[in-house]
Each structure stands twice: as structure tokens, then as C-alpha cells.
Amino acid sequence: MNYWLLKSEPHSFSLDDLAAAPGQTTAWEGVRNYQARNFLRDGLRIGDQAFFYHSSIAQPAIVGLVEVTRAAYPDASAFDPGSPYYDPASSPQAPRWYCVDVRLIERLRRPITLAGLKRCPALADFALLRRGNRLSVLAVSAAQWACILDLAAAPLA
DNA sequence: GCCAACGTTGGC
DNA sequence: GCCAACGTTGGC
């Protein structure tokens, strides 16, 4: 099993939205970056787990855990002229963009803030913390995953 | 709102 | 294939 981190701006899709979705499951659609697309298409497999990360807010943070319940399939939002994710260069015959389905595993009792992640020396190499990082789907090593879960379980300092 | 970082586009 | 211009992301 592999581990990932999925970013979302809560203004457009939040953990609450996922919790309210049928089956607490959603298609992770709208990714329009090739590197992130490649992770979605080739990396994420059924059973993989991911952190759900809220970006572009006052306190960016990991807020939940999700599980991949369906591996890559064409992102239909790219075919919909009414969608903000519409891409006329993608077609059902030759899809350019892919999505996966994810299901909520659990909401963290206490979000792990970006500031908290930065305070952890073991996460110095974590891609999320790299300067200028903008990838919305990124890989998390098993060691990083465990370290972050420890942060989530640690008593308040 | 600002700005650094990065990806994409398009002229040449 | 280079590279400047532009758009987007995302923390602050």
C-alpha cells in the first residue's frame, strides 16, 4: 500500500463536503496538472490511503484520512463545457485527465497544521514543505505517514 | 492583497 | 528548441 496527500481548497471542496457525500465517497476530479495527473493515473491504487489537506486558508492543515476506493478512470468534468474544469482538448476517446474515487476514513480530532508539520524535524524532506511546492497530489513515504499520524495522536503541547 | 515559485503558451 | 510573457497556486 502507498500513501499520498490530496490538496483541496475548502471553499471549493472541504472535508465536510466529503463527509456529507453519498457513501462519504467522491470522485477526486479537476486535477489539471500533468505531474499530479500521473500520480492519479499511475500511482494511486485501491486501498491506498491519503491525507486530506486544506489549502489556501489561514491555517492550512491536514484534516482527515481517506482511502482510494476506485483506481484511475477518465475525469468526466473535462468533457463538460459547463464545468470549471472543462478542457476541450480532452475527450472520452482520448482522455487527458483522470480521477480516482476516495472515501473518508476518519476526520482528525485535531487538524495537523502546516506550522505543526514544519516544526517536525523528521519531515524536513516532505514534499509539501518544499518551497514553491504547488502539486495537488503528492506521495508520502511510509515513514512520513507514520510520523504525521504520531503528530495527530500527540497530546497538545 | 502581495509575491515567490512554477507550469504553460506562443512567437521566433 | 529557446525563452519571455502570462496565468495559477498557495503561503503569508
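Keep in mind that what you see is a predicted model, and the values were worked out from it rather than measured.
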Describe, in one word, how the ring planes of A:Trp97 and A:Tyr34 are oriented to each other, choosing from parallel (under 30°), tilted (30 to 60°) and perpendicular (over 60°). tilted

Taking atom CZ of A:Arg96 as the centre, report whether more than 12 heavy atoms of other residues, nucleotides or ligands fall under 6.0 Å from it. yes

Under a 4.5 Å cut-off applied to non-hydrogen side-chain atoms, are A:Phe39 and A:Leu135 in contact? yes

What I'd like to find out is whether the side chain of A:Val66 reaches to under 4.5 Å of the side chain of A:Gln24, using heavy atoms alone. no

Distance-only side-chain donor-acceptor flag, A:Ser77 / A:Asp80, under 3.5 Å: no

So the contacted stretch of DNA chain C, first to last nucleotide with an atom under 4.0 Å from a non-hydrogen atom of chain A, runs from C:dG7 to C:dC12

Identified side chain to side chain contact (heavy atoms under 4.5 Å, CB included) partner of A:Phe52 from the options A:Leu104, A:Leu18, A:Leu6, A:Leu5: A:Leu18

Check this for me: does any side-chain nitrogen of one of A:Arg37 and A:Asp75 sit under 4.0 Å from a carboxylate oxygen of the other? no

In numerical order, the residues of residues 3-10 of chain A whose heavy atoms come under 4.0 Å of DNA chain B are none

